[in-house]
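To keep things clear, I will list the structure first and then write my remarks on it.
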Amino acid sequence: AGTGMGLATANMAAQAGANVLRVGGRSETLEKANEQIAAAGSGQSSVYAGDATREDEGRAAVEVCGSRYGRVDVAVNSVGTNGRERSLSQLTSSSWNDLITGNLGAAYAITQGVLPTFRLQRSGLLIHISSSAAKKADGSGAGYQASKAGVAALAAATMFEERSNGVRVTVIFPGFTNTPFIAKRPTPPTEAELAQALKPEDIARMCVAIMELPPGGYVPELSLYPTNL
């Protein structure tokens with residue numbers, strides 16, 4: 001929650017009145033993001049530095065959130081990674097495993113980290129930010145596409161197994177969005193493409209809208225694409 005969609009979602013949720021715990025591996029980035037909320041004077045936001053791909057770190061973050069704010073209503077998985085060498089001809093076992101761990105592994109760790117608390121509460125919302133690449137092949141590469149499609153499959157299975165415990169799960173599939181993540185593209189997008197791309201705040205609005213739904217309904221999937229790309 002220090003950059004990109006995670007940053008925008010955490011900020012917008014805090015501004016809407018949520019108590020937010022930002023989780024990420026870079027404490028300096030998280031603290032800087034936290035200062036934005038403090039300066040705005042809206043919402044409560046704190047920081048937990050940890051590795052989102054580790055189940056024990058995910059559970060520890062949930063415990064910290066619960067102790068600070070009394071309960072955990074929502075967990076947003078905005079973790080994502082990719083490399084520059086993306087085609088099957090360039091992928092190695094090592095780079096493939098990095099993508100599976102960084103994308104699908106993080107989704108699994110966050111899921112397992114938060115589910116025990118959601119079960120005890122008999123309520124909770126888990127939002128995974130996947131990618132439009134999970135639905136339609138593009139230049140993001142087979143490893144990225146497979147791992148992000150796995151996130152969607154994990155979400156569907158979680159909802160199937162946990163709905164009786166009051167758990168709701170949503171997957172958002174954003175199209176091309178102007179975030180720091182695009183700096184890893186082998187070919188940088190043009191200024192014209194960036195001008196037409198989605199903004200992190202667009203995805204954040206969808207996340208907050210889903211958070212505000214009453215617990216009797218949920219959004220299984222939501223796709224959001226730029227109009228002209």
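The salt bridge (Lys or Arg N to Asp or Glu O under 4.0 Å) analysis of residues 112-132, with sequence neighbours excluded, yields the pairs Arg119-Glu162. Applying the side-chain hydrogen bond (donor to acceptor under 3.5 Å, both in side chains) definition to pairs two or more places apart or across chains, those involving residues 215-229 are Lys135-Glu221.
Checked against Ser147 for a side chain to side chain donor-acceptor pair (under 3.5 Å), the options Thr81, Asn103, Thr101 give a single hit: Asn103. With respect to Thr111, the side-chain contact (heavy atoms from CB on, under 4.5 Å) criterion is satisfied by exactly one of Val151, Asn77, Leu154: Leu154.
Donor-acceptor pairing under 3.5 Å is recorded for the side chains of Arg68 and Ser46. Checking Ser87 against Ser89 by side-chain atom types alone, a donor-acceptor pair falls below 3.5 Å. Side-chain atoms of Asn178 and Glu193 include no donor-acceptor pair closer than 3.5 Å. Side-chain atoms of Arg86 and Ser140 include no donor-acceptor pair closer than 3.5 Å. Between the side chains of Tyr48 and Glu57, at least one donor N or O lies within less than 3.5 Å of an accepting N or O.
In this structure, Arg185 is positioned above the aromatic face of Phe176, its NZ or CZ under 6.0 Å from the six-membered ring centre and within 45° of the axis.
A salt bridge links Arg71 with Asp73: at least one charged nitrogen is closer than 4.0 Å to a carboxylate oxygen. The pair Glu63-Arg59 does not count as a salt bridge, with every side-chain nitrogen at least 4.0 angstrom from each carboxylate oxygen. By the 4.0 Å N-to-carboxylate-O rule, Arg205 lies close enough to Asp202 to be salt-bridged with it.
Without hydrogens or angle criteria, Asn19 side chain to Tyr69 main chain gives no donor-acceptor distance under 3.5 Å.
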